[in-house]
Structures are given as structure tokens and as C-alpha cells.
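Sequence lines set the chain letters: A, B, ... in the order given, protein chains first and strands last, and positions in each chain run from 1. We use all heavy atoms of the structure for the numbers below, so side chains are in, but hydrogens, waters and symmetry mates are not.
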Amino acid sequence: MLSLLTLEPIFKAFIAIILSSISFPLCGVMVLRLDLVPLRYALMHGVILGGALALALSLPTLPIIILVNLIVVLLIIKIPSSNSFSSAAAMVFTMGLASLLMHTFNVPAKDSLQLLWGSPFALSYLDLTILAILTITVILYLILNFNNIVSIFFDKSIARSLGVKVELNYNFMVIIIALCVALAMRLIGALLIDALLILPVLIATRVSKATKSLFIYSSVFGFILSISGFFTTLYFNLPLSATIAIIAVALYIVISIIKNIKIRNLK
Amino acid sequence: MDNFLQPLIEGTTLNVFNGDDLIFKSSSSWLYPLFELERFLKDSNLTYSNLCAHDTTGGRAAAAIMIKLNIKKVKFNLVSERAKELLDENNVKLFYDSKIDKLKCKTEDLFQKENNVDIIFQKIKIRAKQGIGLDVNIKDLSIGYNNKAIYHFNSLEIKGGDALIIEGDNGIGKTTFIKTLLREIEPINGTILIDNKPINKLDTKTIGYIKQEKENQPFPVSVKEVVSMGINKKLSKAEKNYLIDTSLRKCKAISLIDRNYYSLSGGEKQKVSLARCLCQKAKILILDEPTSFLDKESKSQLITLLKAFRNGEMPTIIIITHDKDLKEELKWDTYKMERQNA
């Protein structure tokens, strides 16, 4: 089976899976700790719009998706309203605009909606480079800024009283998440984005007592899920994102059961 | 003759013995030798059971400090009757060369009617600026949102190291006041000076903020991570660990260091939050309804810790509370925010 890695699309997918398994769960921690789940949905819709735009204008998909998502993020940050409301408005707007574009430019909906499933074996070197940059950026940001991030997660007022630039960090994290969602859509698709973004974090939450260990365990579980999912996919010829999602949910259930048994025994 | 009764060498203003062993001497003036002694005793971490002091002059303030420092016998070259009364009441054996009714100084007048040694001790430390707390001066301050004032302070002054309880009905503007102090919102009018500086010129980490917490979150953060949030990044790893360790020990929360903060009880959380402010070396401490979700025992532990802060590091403390028990227990000055006409 390892001989398959000599094939370029599979090798690129393998590298992408390793990089994303480390960085996506780290972004997932930010999504959950900053309560940005609605924003993530808005960004997923932004990807559909970006995909429609790229297809309509025959432009490279990933850069356009990233650009559209950054615009969506900026609008959400700048509109004076709660993030949930702005995110909901952004969702409706991006989907509406995507539909209009598809209609106006005769974009086959099937092509645009391909993004819902992702295409890990069709990544370009540009996609991989962007993914590598995101991974390095996220890791460096976390290492260099850990105490500030913990204080923002803990309480924004307390973080401000400690002199932390809360808005700057928040906006930076939101931009990172926007990039992450754009890449994740390309890699594993909208429907299963949570398999790498959220589920490893939920599993890590069951075994962590500290924010540091939450980040580390999230990445470790993301890595385990991705690698096992990747090779299971190759062996059984299954769709990658669905395989990862099924393994992630199974692992979450197993860990939750073990945790509950432990708690019951302690009582 | 006991060693402490021997005359002081010229230039020396205070000698302190443990039994017959000289352990401390000073040549500073006013009450500073006694503050130096307090620091010496604190830093030495030893328990001295038979402390005897020889001081040049003793007024009521010096007597109170000596009582607080657990000095058993004292000799003053010159003592006031007011100091003698306080020492006699607290069973400190007094020797003196000469005695007068009162010392001719402001400090002596200030405490002539005060018998509570703790209060004299706190106030004299504030007067001598011995705590880490900073002065807070508020003048003609209007606070509110969107340029609409909801409360106006004519004048409010808290001396560095002093403490103030702020009370008032719901919706009167207590939280808005905290947000203004924390610079989350700008004042509509007027000034807030801390250590004679506008609040936007303050060093970061000057203010330690402890807010009421209602909900636990499902995501973990360890006690160590909470306490180290405000720590000076320039310190070495060993220094950081020492500071975290000592802060948690002082707040009697060292056993919680590896626990998830959100798994703690309300009382434990407050101890950890105080340790966070200690680690941060906050010079002003703001507590928002600190006893809201505490049981009786946790409340009592918090009060003990607050009193220890007040007597030890002495940050300036501002407490917003509805809790009458807390107010009665602490007996600190109170400012009542009352309804104002438009």
C-alpha cells in the first residue's frame, strides 16, 4: 500500500493530510473557545461563493476562496452587530450571491458544489504551500503568544486588564480560521470539515485538564485520525473525508465511554 | 541587665534582639526602622519567640507596629503616655528613660482615639506608602454609554494601599464604573488619575480584576495557566515557577495547581483569582461581587485572604458588593452610589 505514495496525487494528499491534521485542530480549539461556530458556517458558505466566482471567471479556486473568505471575515468583524447575527447575514448573502453567479455565468451547480466533498487527491503545489504556511503560522502564533491566548479564552475583560491586545489577537485568530476553513473545504469538503476541525478538539476536551494539553491532544488526535483515515481510504478505496469522520466519531464515543466509566469508578 | 536595655550606639535608632542575640538594627528615622524590621522578619521566614526592641522614640503608631510584630519587651528612650497605654493593653513589657503625654507630631494626633492595633497598623502603612497600592483620584467623572451619562462622581479618592467598598442598587452604574476603570469604555467627562497618571498612561498589569463567575465552561484551563496569565514574561522559568508557587501558597491554593479551573468550587476559584493578581503584582485590585456564589465557609476564607492582602502586600482594593456580611466583616470604608437626578 505504501507504494501508492510514490504516485504524485496520493503523495501530495498524504503531505496535506499530515499538515492539516496538525493545524486544523489547533484552529478548531480557537473556533470552539471563542464561540465562533456561526462564523465557521458563514465561512463555509463563503467558500461556496468563492468556488462559484472562480468557476465563473475561470480563475484558480483556492486563492479566490481565500480572498472571498477574508472579505467575509472583514465584513463580519466590521459590521457593528453580534458575530452570530453578522455570521447569519453573511451566510444568506454569500449563498444568494453564489446562486446568482452560477445562474448568470451558467456555472454547473455540480462543479461548484464539488466543494462540499473536497478533493484531497487534486491538490496543487500552491495549495500545499499555502497549507504549510498556515501550519507554521498557527504553531508559531500559539508558541509565541500562548499566555495571551489563554487569557483571551479565559475572559476578555481580564485579558484586557492584563494589557493583552484582545481585538488584535481576536481578529488575527479569525483570519487564521478563515484560511483554515478555505483550505479544509478544498481538502475534505464542507460536509465533513468538522471531522478535522472540531471532532479532534471534542475528543481532546475529554482527556485534557489544561489549555496547553487541549491544543496538544487536539493535534495528536487529529494526526491519529487523519493517518488512520488516509490509509483506510487507500486500503478499502473509500472517500477520505467520510472515513476520517466515521473514525473520529467512533473514537469520540469510545473515549467518552472510558471517561464515564472512570468517573463512575471514582465515585 | 538584658542586652536590649543597653544604650543605643550613636547613629542607631533601633536594635532588635531575639533573647540576647542582636538580629536587626537600623539607623533610619521616623517609623521606617520598624517597616524595615517587618520586611526583615517576613524575609527571614523564621519564628522569633522572644523579640525585644530598643527604640529612640515611641508614639502610639510605633507601639501599634511593635505589637503587630509580636515584640514582647520594648525600651524607648522617650515614650508617650498614649503609646504606653496601648502597650500595657496588649501586655508588652515597657521600659523607658522618660515619658511625656504625647509626641508633638501629626502621626500621634491621628491615632489618639484609635485603639484597634490592626487599623493603626494599616493606616500608618498607607501614610508611609509601605504597600504596593497606588493612589486613585477621581474628579468630576461622568460614566455611561454612547455619550449618555448614567452616574456622576464629584470626587472620590482612595489612598495607595487603602481599601474601599462600593455599594449601590442594581443598574446604578457599578459595572460601568469597573469597565471605565478597566478602560473598556471611555469616561464621558472628568478624570481618573492613578498614581497621578491618566489611566491610559498606566503600565499594563497595574490593575488586577476579579469578576463574578456564574458558569463553568466545558473547555479546560489549568489553575497554573490561570495564575501565570499575568506573570512578567521577562522572568526566567525558575523565577516564574517560584512566583506561581508562592502566590498559590499565600492564597492557600497550592494543592489545586494541576486542577482544571472549571472543576473548582466558587471559593477555590476566588483563591486562584487572588493568586493570579498576586502573581501579576497588581497594584490595584478590583473585585466585582466576590462573594456572590460562595458558601459561608468559602466566604470566611476569602475575607481572611483579603485581610491578609490588606496587611501584607497592600494593593489598593476596590470591592463592588451587595453583601452586607462582607461589609460588616471587613469594616472598610464604604462609598454608596445613590440614585442621581438627571
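Chain A is approached within less than 4.5 Å, heavy atom to heavy atom, by E184(B), T204(B), K205(B), I207(B), Y209(B), K211(B) from residues 184-211 of chain B, ordered by number.
For V223(B), no part lies under 4.5 angstrom from a heavy atom of chain A. Using a 4.5 Å cut-off between heavy atoms, K233(B) contacts chain A through its side chain alone, with no backbone atom that close. Interface residue K212(A): backbone and side-chain heavy atoms are both found under 4.5 Å from chain B. Residue R183(B): no heavy atom, backbone or side chain, is found under 4.5 Å from chain A.
Remark: K283(B) NZ is loosely packed, at most 12 non-hydrogen atoms of other residues, nucleotides or ligands lying under 6.0 Å away. Summarising the local packing, NZ of K240(B) is surrounded by more than 12 heavy atoms from other residues, nucleotides or ligands at distances under 6.0 Å. Within a 6.0 Å radius of OH in Y217(A), other residues, nucleotides and ligands contribute 12 heavy atoms or fewer. A 6.0 Å sphere centred on OH of Y141(A) holds more than 12 heavy atoms belonging to other residues, nucleotides or ligands. Summarising the local packing, OH of Y335(B) is surrounded by more than 12 heavy atoms from other residues, nucleotides or ligands at distances under 6.0 Å. More than 12 heavy atoms of other shown residues, nucleotides or ligands fall within 6.0 angstrom of atom NZ in K307(B). Surrounding NZ of K234(B) are at most 12 heavy atoms belonging to other residues, nucleotides or ligands under 6.0 Å away.
Between F154(A) and Y262(B), the ring planes lie tilted relative to each other; the angle falls in the 30° to 60° range.
In this structure, the side chain of N147(A) engages the main chain of S228(B) through a donor-acceptor pair within 3.5 Å. Looking at E225(B), its side chain never comes within 3.5 Å of a backbone N or O of A210(A) through a donor-acceptor pair.
The CG atom of D35(A) lies 8.5 Å from the CZ atom of F219(B); values are rounded to the nearest 0.5 Å. Taken from NZ in K224(B) to OG1 in T211(A), the straight-line distance is 13.5 Å, to the nearest 0.5 Å. Note that CD1 of I286(B) is 11.0 Å distant from OG of S157(A), once rounded to the nearest 0.5 Å.
Most heavy-atom pairs under 4.5 Å with chain B: of the set V201(A), V150(A), L32(A), this distinction falls to L32(A). Ranked by heavy-atom pairs under 4.5 Å with chain B, the list V164(A), T205(A), V166(A), I158(A) is led by I158(A). Most heavy-atom pairs under 4.5 Å with chain B: of the set A159(A), S161(A), G163(A), S213(A), this distinction falls to S161(A).
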Test side-chain contact (heavy atoms from CB on, under 4.5 Å) applied to D258(B) and K209(A), step by step: CA-CA 8 Å; D258(B) 292 323; K209(A) 285 183 185 169; over 6 Å; no
Residues F153(A), V221(B); criterion side-chain contact (heavy atoms from CB on, under 4.5 Å); working and verdict: CA-CA 9 Å; F153(A) 286 176; V221(B) 56; over 6 Å; no
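With a 4.5 Å cut-off on side-chain heavy atoms, R160(A) and L182(B) do not count as touching.
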